[in-house]
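Structure record follows, encoded as structure tokens.
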Amino acid sequence: MHLNSQQQAAIHLIDKPLLVLAGAGSGKTRVITEKIHYLLKHCHYLPEKIVALTFTNKAAQEMQARISKKYKDKSTEGLTVTTFHSLGMNIIRKEYAALGLTSRFSILDQIDATHLLRQLLLDQQITFPVDELQQQISNWKNQLKTPEDLLVQAKTAGEQRCAKLYLAYRQALQAYHAVDFDDLLLMPVELFDKSPEVLLKWQQKIRYLLVDEYQDTNLAQYRLLKPLVGKEAHFTVVGDDDQAIYAWRGAQADNLIKLTEDFPNLEVIKLEQNYRSTQRILKVANKLIAQNTHLFDKNLWSQLQEGEKVRVIANSTAENEVTRVVQELVSHRVRFNKPYHHYAILYRSNHQARVFEQALREQQIPYHLSGGQSFFAYAEIKDILAYCRLLINPDDDMAFLRIINTPRRGIGTQSLQHLSTYAKTRHTSLLNACSEMGLSTYISGSSLRSLAQFGEWIQHLSKNILQETTIEPLQKLISEIDYNGWIQSNSKTPASAEYKQKNVQDLLNWMQRLLTKETTPDLGAVIQRLCLLDMLSQTSQEDIANHVQLMTLHAAKGLEFPYVFLVGVEEDLLPHRNSIQTNNIEEERRLLYVGITRAQEQLTITYAAKRQRFRTTYSTKPSRFLDELPTDHIYWEGRGEQRNPEEKKQTGREHLAGLKALLNSDV
DNA sequence: CGGTTTCGCTTTTTT
DNA sequence: AGCGAAACCG
């Protein structure tokens with residue numbers, strides 16, 4: 001395929017820092033992969049000196065796949081394609097000593113962190129919404145604010161209290177030799193700030209840096225990037241402010257502007273030709289996004305055919321919306337004989353997927369759901385990983401608490417309270433406290449024996465665990481605690497028990513795979529790596545092949561599909577109610593823009609006039625964004641009818657649908 | 001201490 | 001509707 005002149009310019013410019021403003025579908029991933037090729041083949045960069053950063057694991061995988069497809073040989077071996085967080089983890093793994101950690105640090109995911117915070121609140125007898133606190137701390141970390149600064153700055157008593165909790169949280173993490181997701185960015189930044197030698201080492205290691213989806217970087221990521229590229233500033237970042245959809249996570253699209261300020265010799269290249277969508281889809285997208293303010297002007301155009309009008313379909317109820325979409329999909333497929341993976345159903349939030357899943361399953365249509373519940377959020381996976389974490393890091397109290405009664409060991413909340421107070425006075429971890437003599441003054445009888453036995457058992461197992469190069473000892477552990485039995489007795493149906501057991505086996509197999517791949521087989525490294533990966537985002541080609549794709553708008557970024565259904569385009573859903581309240585309409589508009597620009601040939605937007613939330617049915621209004629679309633490029637079916645459901649003139653199909661809803665509501 | 005039941009709250013998006 | 005936490009009972 002031919003490269004246009006802007007694309008070529010972006011690929012060949014290497015002696016200056018470069019910002020590529022790449023509109024949707026303008027071939028930005030292609031530019032990155034071609035540029036890596038160019039760096040390797042024409043500029044003789046060593047692959048291990050090149051780092052390409054993406055935002056999500058999925059994107060990293062996608063890029064890795066594109067690159068290895070291009071090179072069948074081993075010439076790209078050593079090339080790094082990862083997420084910011086993984087890069088941060090690698091830096092911490094190498095520099096743990098300078099950070100006051102052991103090499104066996106644990107990585108807490110969001111759920112673990114929530115538990116820890118809840119415990120802290122409980123200990124200090126403070127009632128405060130945990131989620132809010134966690135969000136606040138995460139924001140602070142991403143803005144590189146230390147608790148010390150915040151304590152000084154705090155104006156209100158409330159802020160003061162939050163800052164204190166932040167401090168306590170950080171101290172707890174330190175005591176556990178644990179880091180959370182935000183630390184993976186924060187710690188390297190702090191390290192580079194204070195240690196020029198370490199920074200120099202990493203600057204020499206990374207000679208060329210490429211960043212995808214740059215508009216989604218937050219302050220911590222920017223501050224990691226900036227010292228790494230140093231004065232030489234050999235980097236290419238690719239971004240599009242119209243696709244900035246992660247502000248809620250601290251991303252600031254004006255990092256694009258900051259770049260032009262911080263690197264005066266920055267070159268800016270715009271990619272404005274779209275190779276993905278039909279004229280009409282593109283015009284609809286452009287008209288929508290024109291309502292937003294922009295950092296950079298951009299005029300996206302396409303040479304492809306005009307295509308069909310974008311369809312907007314009103315439905316009387318959410319159930320009818322589902323039926324309609326599935327029916328449209330099936331009939332289209334029958335008519336044009338396209339594979340299922342050419343179809344995608346996109347929605348604002350995960351819970352919307354459920355009804356579509358059901359309908360697709362009923363129709364025996366293969367589908368693949370990405371995102372949603374993380375593989376690592378499954379209790380059985382977290383249990384096994386907690387055992388692993390405790391084996392390599394005896395100070396990981398979070399892991400200890402998770403598994404001390406999984407399966408049951410007859411240790412109740414009282415005993416755990418005592419154990420915890422004892423451990424605190426002894427300044428040691430819960431696991432270590434188990435085998436100390438002094439514990440007997442706090443706990444007695446069967447609980448004491450149970451704890452001692454558990455401590456001894458774990459310590460015995462952990463002795464040799466790091467030398468192991470297979471998962472065999474873990475298999476043994478799982479059978480020793482009869483974990484499968486535990487799963488069975490805790491599952492409602494045999495099918496769900498089987499599913500959980502399969503999950504555990506998948507996890508073990510995955511570990512084994514990683515163990516054989518790792519240059520130095522080390523269970524510790526494998527487990528740390530696992531905590532950042534996510535099995536569901538590790539979508540293999542077989543998973544996608546001939547499956548209808550179900551995903552959130554966020555997850556869909558960077559992807560494209562011939563036929564797209566954008567569902568639930570209603571007020572309170574898209575734009576989301578919270579965003580309306582916080583007045584973040586522009587980001588919601590960008591989200592819809594991202595959704596629209598995923599479509600290559602045909603786009604169908606749907607909404608419903610009635611939708612269930614929790615237990616009650618609510619009337620809904622079509623999204624305000626629909627009125628912003630160019631009327632001559634859309635075909636709006638059932639427009640206006642939902643405003644006055646009583647009086648509406650029903651079409652045959654609508655009438656039937658209404659009857660069906662009536663029948664259903666009586667049941 | 002452990003199992004069962006009830007209650008209450010939830011649904012934004014992800015590393 | 002579905003899940004986790006608290007409350008309650010054996």
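None of these values were measured; they are calculated from a predicted model. In what follows, every chain begins at residue 1, and chains take the letters A, B, ... in the order their sequences are listed.
- With respect to A:K28 and A:D240, no salt bridge is recorded, no charged nitrogen being found less than 4.0 Å from a carboxylate O.
- Atom NE2 in A:H351 sits roughly 10 Å away from atom P in B:dT11 (whole-Å rounding).
- Nucleotide B:dT11 holds its P atom 19 Å from the CD atom of A:E570, rounded to whole Å.
- The distance from atom CD of A:Q110 to atom P of B:dT14 is 11 Å, rounded to the nearest whole Å.
- Place A:F614 and A:N405 on DNA chain B by their nearest nucleotides, and A:N405 ends up nearer the 5' end.
- In this structure, A:D131 places its CG atom 15 Å from C1' of B:dT14, rounding to the nearest Å.
- Rounded to an integer number of Å, the gap from CD of A:Q581 to P of B:dT11 is 14 Å.
- Here the OG1 atom belonging to A:T552 is positioned 11.0 Å from the NZ atom belonging to A:K557, to the nearest 0.5 angstrom.
- Here B:dC1 presents its P atom at 10 Å from CG of A:L451, a figure rounded to the nearest Å.
- Using a 4.0 Å heavy-atom criterion, one finds that A:S86 contacts no nucleic acid atom at all.
- Counting non-hydrogen atoms under 4.0 angstrom, A:F55 reaches the backbone sugars and phosphates but no base.
- In the displayed structure, A:R223 atom CZ is contacted under 6.0 Å by at most 12 heavy atoms of other residues, nucleotides or ligands.
- Whole-Å rounding puts the A:R611 CZ to C:dA1 P distance at 17 Å.
- Residue contacts for A:R408: at a heavy-atom cut-off of 4.0 Å it reaches the sugar-phosphate backbone alone, with no base atom in range.
- Enclosure of atom OH in A:Y442 by more than 12 non-hydrogen atoms of other residues, nucleotides or ligands within 6.0 angstrom is indicated.
- C:dG2 atom C1' lies 12 Å from atom CD of A:Q358, rounded to whole Å.
- Along DNA chain B, the nucleotide closest to A:N578 and the one closest to A:R409 are compared, and the more 5′ of them pairs with A:R409.
- A close approach under 4.0 Å does not occur between any side-chain nitrogen or oxygen of A:S579 and OP1 or OP2 of B:dT13.
- For A:S349, counting side-chain heavy atoms from C-beta on, the closest listed nucleotide (B:dT13, B:dT14, B:dC1) is B:dT13.
- In this structure, A:R389 pairs ionically with A:D112, as a charged nitrogen and a carboxylate oxygen lie closer than 4.0 Å.
- In this structure, A:W248 forms an aromatic stack with the base of B:dT13, since both conditions hold: centre separation below 5.5 Å and plane angle below 30°.
- Among the protein residues, A:Q352 comes within range of no part of the nucleic acid, since none of its heavy atoms lies under 4.0 Å from any strand.
- At a threshold of 4.0 angstrom between heavy atoms, the contacts of A:R118 are confined to the sugar-phosphate backbone, with no base atom among them.
- Contact between the side-chain N/O atoms of A:N350 and the OP1/OP2 oxygens of B:dT13 is found at a separation under 4.0 Å.
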